[in-house]
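A note on names: the letters A, B, ... follow the listed sequences, proteins ahead of strands, and every chain is numbered from 1.
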Amino acid sequence: MSYPIETVRHSLAHVMAAAVKKLHPEIKFAGGPAIENGFYYDFDTDYRFSEEDFEKIEREMRELIKSNGRFEQRIVSLDEAKKLFHDQPYKMEWLNEYDAAGEALSIYTFRDFTDLCRGPHVESSKDLPRDGFKIRAVAGAYWKGDSKNKMLQRIYVDAFASKDELDSFLKMQEEAAKRDNRKLGREMDLFHFEPEFAPGAVFWHDKGYKIYRRLIEYMRARQERAGYVEVCTPGVMDRSLWETSGHWEKYGAHNYSGKTEDGRMFCIKPMNCPGGVLIYRNELRSYRDLPLRMAEFGKVNRYEASGSLMGLMRVREFTQDDAHIFCAPEQMEAECIDTLKLILDIYKTFGFTDVKIYLSTRPEKRIGSDEIWDLCEKSLANALTAHGYAFEINPGEGAFYGPKLEFILRDAIGREWQCGTIQVDMNLPERFDISYIGEDGEKHRPVMLHRALFGSIERFMGILLENHAGNLPLWLSPEPVVVVPVSEKYREYAEKVVADLRGAGVYARADLRDEKVNYKIRELSMAKTPIIAVVGEKEQTDKSVTLRRLGVESQDVMPLDAFVAQMVDAIKMPL
RNA sequence: GCCAGUUUAGCUCAGCUGGUAGAGCAUCUGAUUUGUAAUCAGAGGGUCGUUGGUUCAAGUCCGACAACUGGCACCA
């Protein structure tokens, strides 16, 4: 009998729990669901699991599977359940909750291990693969996901229906690790980090910064076409600004701030919004000005928790492709839809078609009335459904000042990262008391939308690099062409080729080092150079170039003029 | 921030049970003038993350701190 893979994974989680119980009888069990690519189980014990335990646990699991144990379900009364789990505090907490919610208490027994569990499970462990799983890691995880609770030990396991599937998964993960943004950053000479001097901050090298600027240039062009204006606001402002905005209270500890000689408290901006609001507020606005779409490529600094930093994906200093849309309430939904379309269209030009969308709704700690939350959440949901976009609700994950849409992209190994976002803000307009004069001559409060498409240039570039394995499209490539003369006799011609390209606005350079062509080809290929133009006697005489494109073994010969013209076209932004 | 692991040359990594550091690539110098994924030879380069401790002796053992990696929490 074959079962859905989730059932297999979940059953394996019970097998692991049984195995761990055998090895550590005193252990307390929390819970162990199936997840993407496998499962985990959370345990609580003074014993510290480490990699050395993995093999032991796996061996024990195989033994248990071999024994063809059955998974027996029973529905029990609260009293019986309490008796069963009296020495299992985490299970006790669950069963009280289930009972309070009026749920039947279902238990499953496999060998010596009885778990409070809804199932479903396989019938017998003979339905489980003996070699389709492998323990991946042990990690800390808070009980019920709350950092106020005790940290448990979570054992992650990759699990598939067969060894072949597991092996191909592991192989894929291994391949994906080669596309890690940190690795590519080094290999392609794009950026580096200085953990000693600036943990979580990027040092952009020439080539990396070329990509970075290109991304901004592209976004700027798209925004101008979409009716945005662009502003630039100060990076350091008086702390009172953040107190007014309400961010100091909530995020004060994550800000960089300091006192100046005159005793004022300044703060390095952690977000751009108040700056934009001050520009809005600088003059009397009319309903005719709305919607006012105000973009800013703002560099922000946030003191992120040390454990959250991760290559380009999570940094402490980054540039947002931020914008604030000031609009009348009745314009809000249309603005959301336009922004949504813009985001997805731009993602498509970067090759991202599989974009997950979350609608994050009101959190517990929030400001604003429930009526306004209703309205804002509804407009976002309407914008999505009216245009047929699938999305998931992320309950309670909204910002304290309003609900938000999150646009999620995945990195090389499948982790999800929020990139784009659209957020409705009912806080700042109020706090900064901004208004516009309506048709009726009266003051009205505008609605403010925050939106970012890339989110952070840093993170977006990380995702982009990983998804393309460093092989960027020509228009984004920092060095689309490198010219390689076959010997020093052809340096002059190589430099002419470079001059022609640069003259036409195509960045190129010549590799004039005293090395063999083979050597240069290898090195340039590893640095992901898209096009290598080799020139020698023949090319010099014919005024041509011989081209080798990344990942393509065959070469083609082209007149230099035609090549330059082709490149001019190839590096154009896909607007 | 929390849990676990890691930290040796610019990069990738070796260094067994403690006896004062190695390789390949890169760099520099010389030779070579190269036709599509590594030309040959030589040289230089490390207070072994920082800091305490144990020891006659610490890269190696113990502690603290920092950074990084994988998770958890957080993510305006």
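Counted by atom type alone, A/E397 and A/Y358 present zero donor-acceptor pairs between their side chains at under 3.5 Å. Side-chain atoms of A/D158 and A/N37 form no donor-acceptor pair, as typed in the model, at a separation below 3.5 Å.
With hydrogens and angles ignored, the 3.5 Å screen pairs no side-chain donor or acceptor of A/S360 with any backbone N or O of A/P403. Side-chain atoms of A/N427 do not come within 3.5 Å of backbone N or O of A/Y401 as any donor-acceptor pair.
Within 4.0 Å (heavy atoms only), A/E187 reaches no atom of the nucleic acid at all. No engagement by A/Y40 is indicated, since no non-hydrogen atom pair under 4.0 Å with the nucleic acid exists. Heavy atoms of A/E539 sit under 4.0 angstrom from at least one base atom. Among the atoms of the strands shown, none is found under 4.0 Å from any heavy atom of A/L152. Nucleic acid contact for A/G311: sugar-phosphate only, since backbone atoms but no base atoms lie under 4.0 Å from a heavy atom of the residue. Residue contacts shown for A/G246 are absent, as no nucleic acid heavy atom lies under 4.0 Å away. Residue-level contact check: A/H450 touches neither bases nor backbone, having no heavy atom under 4.0 Å from any strand. Looking at heavy-atom distances under 4.0 Å, A/E537 makes contact with a base. Nucleic acid contact class of A/K538 (heavy atoms, under 4.0 Å, all strands): base. Contact annotation for A/A141: backbone-only contact, meaning every heavy-atom pair under 4.0 Å involves sugar-phosphate atoms and none involves a base. Contact annotation for A/G200: backbone-only contact, meaning every heavy-atom pair under 4.0 Å involves sugar-phosphate atoms and none involves a base. Using a 4.0 Å heavy-atom cutoff across all strands shown, A/S525 reaches at least one base atom of the nucleic acid. Using a 4.0 Å heavy-atom distance criterion, A/T546 is classed as a base contact. When heavy atoms are screened at a 4.0 angstrom cut-off, A/V534 is found touching base atoms of the nucleic acid.
Which of B/A73, B/U33, B/A76 sits closest to the side chain of A/K489 comes down to B/U33. Here the nucleotide nearest the side chain of A/A139, chosen from B/A67, B/U36, B/G71, is B/G71. The side chain of A/R314 has B/C75 as its nearest neighbour among B/C75, B/G35, B/U39. The side chain of A/R522 sits closest to B/A38 out of B/G1, B/A38, B/G35. When distances are taken from the side chain of A/R186 to each of B/A73, B/U12, B/C75, the shortest belongs to B/U12. Candidate nucleotides B/A73, B/A37, B/A76 were compared by shortest atom distance to the side chain of A/I521, and B/A37 ranks first. Checking B/C68, B/A4, B/A76 against the side-chain heavy atoms of A/R48 singles out B/A4 as nearest. Of the candidate nucleotides B/A67, B/A38, B/C72, B/C72 has the atom nearest to the side chain of A/Y142. Distance from the side chain of A/M310 is smallest for B/G70 among the nucleotides B/G70, B/G35, B/U36.
Between A/P270 and A/H247, the closest side-chain pair of non-hydrogen atoms is not below 4.5 Å.
An OP1 or OP2 oxygen of B/A26 is reached within less than 4.0 angstrom by a side-chain nitrogen or oxygen of A/Y519. Side-chain nitrogen and oxygen atoms of A/K269 include none within less than 4.0 Å of the OP1 or OP2 phosphate oxygen of B/A76. In terms of phosphate contacts, A/N518 brings a side-chain nitrogen or oxygen within less than 4.0 Å of OP1 or OP2 of B/A37. Within the 4.0 Å cut-off from OP1 or OP2 of B/C3, not a single side-chain nitrogen or oxygen of A/R154 is found. Remark: A/R415 is in phosphate contact with B/G70, judged by side-chain N or O atoms under 4.0 Å from OP1 or OP2. The phosphate of B/C2 (OP1 or OP2) has no side-chain N or O of A/S147 nearer than 4.0 angstrom. At B/C74, none of the side-chain N or O atoms of A/Y303 fall inside 4.0 Å of OP1 or OP2 (strictly under the cut-off).
Using P as the reference atom, B/A21 and B/C25 are 23 Å apart when rounded to the nearest Å. With C1' as the reference atom, B/U20 and B/G15 are 14 Å apart, rounded to whole Å. Comparing B/C11 with B/A26, their C1' atoms sit 7 Å apart, to the nearest whole Å. Atom name C1', nucleotides B/C65 and B/A38: the rounded distance is 43 Å, in whole Å. Here, B/G71 and B/U29 have their P atoms 44 Å apart, quoted to the whole Å. B/U17 sits 16 Å from B/A57 when the C1' atoms are compared, rounded to a whole Å. To the nearest whole angstrom, the two C1' atoms, one in B/U12 and one in B/U6, are 15 Å apart. On the C1' atoms, B/A73 is 38 Å away from B/A9, given to the nearest whole Å.
Look at CE on A/M151: it is 13 Å from P on B/G1, rounded to the nearest Å. Counting to the nearest Å, the P atom of B/G71 and the CZ atom of A/F43 are 19 Å from each other. Atom NZ in A/K150 sits about 12 Å away from atom C1' in B/C3, given to the nearest Å. Atom CD in A/E304 sits roughly 16 Å away from atom C1' in B/C2 (whole-Å rounding). The NZ atom of A/K520 sits 10 Å away from the C1' atom of B/U33 (whole-angstrom rounding). Between the CZ atom of A/F197 and the P atom of B/C68 there is a distance of 14 Å, given to the nearest Å. In this structure, A/L190 atom CG and B/C11 atom P are separated by 16 Å, rounded to whole Å. Between the CG atom of A/N255 and the C1' atom of B/A76 there is a distance of 9 Å, rounded to whole Å.
Summarising the geometry of A/Q88 relative to A/F29, their closest heavy-atom pair is OE1-N, 2.8 Å, with the distance given to 0.1 Å.
Residue-nucleotide stacking is present for A/Y251 and B/A76, judged by a side-chain ring centre under 5.5 Å from the six-membered base ring centre and planes under 30° apart.
Nearer the 5' end of RNA chain B, as judged by each residue's closest nucleotide, is the contact made by A/R513, out of A/R513 and A/Y401. Toward the 5′ end of RNA chain B lies the nearest nucleotide of A/R548, the other residue of the pair A/R548 and A/D146 mapping further downstream.
Aromatic ring pairs are classed by plane angle as parallel below 30°, tilted from 30° to 60° and perpendicular above 60°; the pair A/F43 and A/Y41 is parallel. Using a 30° and 60° split on the angle between ring planes, A/Y256 and A/Y303 fall in the perpendicular class, above 60°.
Taking the ring centre of A/Y251 as origin, the terminal cationic atom of A/R302 falls outside the region bounded by 6.0 Å and 45° from the ring axis.
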Open item on the list: Run the side-chain contact (heavy atoms from CB on, under 4.5 Å) test on A/Y519 and A/D511 for me, step by step, so that the C-alpha distance in whole Å, both residues' side-chain angles and the decisive distance to 0.1 Å come before the verdict.
Closed with: CA-CA 11 Å; A/Y519 180 89; A/D511 184 347; over 6 Å; no

Task: 5'-to-3' dot-bracket of RNA chain B (Watson-Crick, G-U; under 3.5 angstrom; crossing pairs as [ ]; | other strand) - done: (((((((..((((.....[..)))).(((((.......))))).....(((((..]....))))))))))))....

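Taking the ring centroids of A/F191 and A/H205, they lie at or beyond the 6.0 Å cut-off. Between A/F326 and A/Y280, the gap from one ring centroid to the other is short of 6.0 Å.
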